Engineer: 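Dropping the structure in here first, questions after.
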Amino acid sequence: MTRYISTRNASDAISSHEAVIRGLASDGGLYTPESIDVRISPEEILNDDYRECAIKIIGALLDDYSEEEIRECVYGAYDDKFDTDEIVPLKQIKGGWLMELWHGPTSAFKDIALTILPRLLTAAYRKENRNDIVSILTATSGDTGKAALSGFADVPHTAITVFYPEIGVSAIQKRQMATSKGENVEVIAVKGNFDDCQRMVKEAVTSKEVLDACKGVTISSANSINIGRLVPQIVYYYWSYAKLVKAGALKCGDPVNFVVPTGNFGDILAGYLARQLGLPVKKLICASNSNNVLTDFINTGVYSLDRSFHTTMSPSMDILISSNLERLLFMLSGNNDIKVSAMMDSLKAKGSYRIDDVMLKKIQESFCGYWTDEDACALTIHDLFVEQNTLIDPHTAVGVSAMNRYQRETMDSVPVIVLSTASPYKFCRDVYASITGEKLSDDFDAMDQLEKLSGVKVPSNLSELRNLEIRFTRSIEKEDGLKAIAERMRNLGNDQD
């Protein structure tokens, strides 16, 4: 059975279902596979549909769940909530393919994991015969929030609280969260950035104020710090590879490159785990916006927060502290928890850390990094629409821009798949302005005009937002985050009395 250990205390070893329940280790570390001994050849999933592919891959890593439990979770998650039976279609563009990850209930790639995580959590609870409340604390830079709220709405024995930066998400993303349904959901804006939101969620598991308030309540997370959120993301790397093989674009066993727009390093880490499982990935191309901390790190081995924070048209990547990078460092160091803890302590105390040349070489064998400024992002959106009649959102545009630069600079002819992470209609004002040069002030006007211009239908979950009631308007100072979490824990505990 695969054991999951904390990146900051390797002796803290638990099963996969326990890691799903806990989310984050009590020492603040991230649960990571102690070793990945299983191998899955792409030939094994060539003839599978998305669901059967998911059963094999998720079951291989979350291996203390029974096959029946995994099957039930997979088929419950990947159903008609998605607007295509493929779940994840591929679209060819000049230079590569777009992996469209946004056909789920909230039109973002987070739906792939957050439609199944509540089911994995419920199955884990049945294993333990527990009846306390799991409080899902979630920080979001835009898309995770709504996907988590949708996935956990009215799920028994759960409550979810989402924190998002008051300035720094698109108006559509904010409205998606503010109109969320469910008796067990709460949404709070924070006067700060995503890193502030993420910090309060991670600090909650060690905060005496919060833990004292947790009577009959267990804290967990729906961010990619939860291994139950990360593992399902491995599936679409295999799935997209199999689709290229079946389309005749490559032979099974041939290498492929993936371009991943990322801020918190979770989506691209799933690609690295796919590589560890046996998928023939040559390069994972890390695509960043103006918040290019990851690009600099991959190129230099120095992770430094001594830089400006930029609010961009790709807000889900407006992040300076990339949590999942800690898991990569842990794996590449041979599970050296002392070394990783020292790096994380240095980041907290000094705002930076440096890795050694051996580890940097290992990272550069698998990863390379490119970043894209706002002008280049807008131009990529414009050119792809005008020249190839393809509508993309700003995050995907950052990925396409990175693909173009990588191919120009390296002349690498290996097939490239770009992860397309969100519907363009979640960022309709910026997309419309990028294409037409006209800036509209109303999001729904921009949505209507973009649909008229492109002929691409607006997803129903976004078009209906204009008629939904605003339920959540609370806003707090970033210094009051732990106090707000403690208050939420006390209320949840009182509700059980």
Side-chain angles (χ1 to χ4, degrees), residues 93-96 98 102 108 141-143 165 167-173 193-195 259-264 267-268 285-300 304 306-320 322 368-410 416 418-443 445-447 449-450 453-454 456:
I93 59 172
K94 183 180 178 182
L98 297 178
W102 41 265
S141 53
D143 288 332
I167 298 173
V169 301
S170 80
I172 293 296
Q173 289 174 314
N193 58 35
F194 170 78
D195 293 319
V259 182
V260 190
T262 189
N264 216 18
D267 211 8
I268 199 166
I285 301 162
C286 179
S288 300
N289 61 19
S290 301
N291 295 295
N292 56 356
V293 63
L294 286 169
T295 306
D296 286 350
F297 172 72
I298 292 169
N299 290 333
T300 68
S304 174
D306 184 17
R307 61 186 64 234
S308 299
F309 178 86
H310 301 279
T311 300
T312 73
M313 70 173 87
S314 49
S316 294
M317 295 189 289
D318 291 347
I319 297 171
L320 294 184
S322 302
C368 64
Y370 292 88
W371 70 278
T372 301
D373 64 22
E374 293 290 86
D375 290 341
C377 180
L379 185 62
T380 303
I381 293 170
H382 173 275
D383 289 353
L384 204 62
F385 179 74
V386 171
E387 297 171 8
Q388 301 182 53
N389 195 32
T390 298
L391 200 62
I392 58 172
D393 85 292
H395 305 78
T396 305
V398 169
V400 172
S401 175
M403 176 190 75
N404 292 337
R405 286 187 57 196
Y406 173 81
Q407 290 176 329
R408 281 198 310 269
E409 293 181 15
T410 66
V416 181
V418 179
L419 277 64
S420 178
T421 56
S423 165
Y425 287 105
K426 297 194 80 165
F427 311 92
C428 44
R429 275 193 291 171
D430 286 321
V431 173
Y432 186 75
S434 296
I435 294 171
T436 66
E438 182 182 358
K439 295 184 178 181
L440 300 177
S441 59
D442 181 81
D443 286 272
D445 183 24
M447 192 179 286
Q449 293 300 321
L450 190 57
L453 174 69
S454 67
V456 176

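Hydrogens, waters and symmetry mates play no part in the numbers below; they use all other heavy atoms, side chains included. Remember, it's a predicted structure, so these values are computed and weren't measured experimentally.
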Engineer: Can you measure from OG (S288) to CE (M317) and round to the nearest 0.5 angstrom?
Structural biologist: 7.0 Å
Engineer: Tell me whether the count of non-hydrogen atoms from other residues, nucleotides or ligands lying under 6.0 Å of CD1 in I167 goes above 12.
Structural biologist: no
Engineer: Minimum heavy-atom separation for V259 to A287, with atom names?
Structural biologist: CG1-CB, 4.1 Å
Engineer: Can you measure from CD1 (I381) to CG (D430) and round to the nearest 0.5 angstrom?
Structural biologist: 7.0 Å
Engineer: As a quick check of understanding, evaluate side chain to side chain contact (heavy atoms under 4.5 Å, CB included) for V169 and S141, giving each step before the final call.
Structural biologist: CA-CA 6 Å; V169 301; S141 53; 5.7 Å; no
Engineer: Have a look at I268 and tell me which of I285, L419, L294, V260 forms a side-chain contact (heavy atoms from CB on, under 4.5 Å) with it.
Structural biologist: V260
Engineer: Spell out, as yes or no, whether a donor-acceptor pair under 3.5 Å connects the side chain of Q407 to the backbone of G95.
Structural biologist: yes
Engineer: Run the numbers on V400 and L98 for side chain to side chain contact (heavy atoms under 4.5 Å, CB included), then give the verdict.
Structural biologist: CA-CA 9 Å; V400 172; L98 297 178; 3.9 Å; yes
Engineer: I'd like to know if the side chain of N291 pairs up with that of R307 as donor and acceptor (distance under 3.5 Å, no hydrogens or angles considered).
Structural biologist: no
Engineer: So which heavy atom on T380 is nearest to which on A376, and how close?
Structural biologist: OG1-O, 2.8 Å
Engineer: What is the minimum heavy-atom distance between T262 and C286, and which atoms define it?
Structural biologist: CG2-SG, 3.5 Å
Engineer: Does the T390 side chain pair with the main chain of F385, one donor and one acceptor, at a distance under 3.5 Å?
Structural biologist: no
Engineer: Just so I know, are the side chains of M403 and S401 near enough to count as touching, which here means a heavy-atom distance under 4.5 Å?
Structural biologist: no
Engineer: Answer whether the closest heavy-atom distance between the side chains of L320 and F309 falls below 4.5 Å.
Structural biologist: yes
Engineer: Go through the steps for E409 and Y370 under the test side chain to side chain contact (heavy atoms under 4.5 Å, CB included), then give the verdict.
Structural biologist: CA-CA 11 Å; E409 293 181 15; Y370 292 88; 3.4 Å; yes
Engineer: Without hydrogens or angle criteria, can the side chains of N193 and D318 be said to hold a donor-acceptor pair below 3.5 Å?
Structural biologist: no
Engineer: Say you draw a straight line from CD of E387 to NZ of K94; how long is it, rounded to the nearest 0.5 Å?
Structural biologist: 7.0 Å
Engineer: Verify whether one side chain among S322 and N264 offers a donor that lies under 3.5 Å from an acceptor in the other.
Structural biologist: no
Engineer: For H310 and S290, work out which heavy atoms get closest and say how close.
Structural biologist: CD2-O, 3.5 Å
Engineer: For E438 and Y432, indicate whether the former's side chain and the latter's backbone hold a donor-acceptor pair under 3.5 Å.
Structural biologist: no
Engineer: So K426 and D143, salt bridge (charged side-chain N to carboxylate O under 4.0 Å, His left out) or not? Walk me through it.
Structural biologist: CA-CA 9 Å; K426 297 194 80 165; D143 288 332; 2.7 Å; yes
Engineer: Between T396 (side chain only) and I392 (backbone N and O only), is there a donor and an acceptor less than 3.5 Å apart?
Structural biologist: no
Engineer: Could you tell me if the side chain of D296 sits less than 4.5 Å from the side chain of S304, heavy atoms only?
Structural biologist: no
Engineer: Can you name the residues that form a ring pair (Phe, Tyr, Trp, His ring centres under 6.0 Å) with Y425, not counting sequence neighbours?
Structural biologist: none
Engineer: CZ/R429 to CG/L450 distance, rounded to the nearest 0.5 angstrom?
Structural biologist: 13.0 Å
Engineer: Starting at OG of S434, measure out to CG of L379 and round the result to the nearest 0.5 Å.
Structural biologist: 9.0 Å
Engineer: Once rounded to the nearest 0.5 Å, what's the spacing between atom CG of L440 and atom CE of M447?
Structural biologist: 12.0 Å
Engineer: Evaluate the criterion side chain to side chain contact (heavy atoms under 4.5 Å, CB included) for residue pair I319 and V293; output intermediate values, then yes/no.
Structural biologist: CA-CA 9 Å; I319 297 171; V293 63; over 6 Å; no
Engineer: Can you give me the closest heavy-atom contact between D443 and A171, atom names plus distance?
Structural biologist: OD2-CB, 3.1 Å
Engineer: Please say which of S316, P261, P394, S314 ends up in a side-chain contact (heavy atoms from CB on, under 4.5 Å) with T421.
Structural biologist: P261
Engineer: What are the two closest heavy atoms between Q173 and S170, and how far apart are they?
Structural biologist: OE1-N, 2.8 Å
Engineer: Is the backbone N or O of T295 less than 3.5 Å from a side-chain atom of N292, with the two atoms forming a donor-acceptor pair by type?
Structural biologist: no
Engineer: Taking the six-membered ring for Trp, are H395 and F427 parallel (under 30°), tilted (30 to 60°) or perpendicular (over 60°)?
Structural biologist: tilted
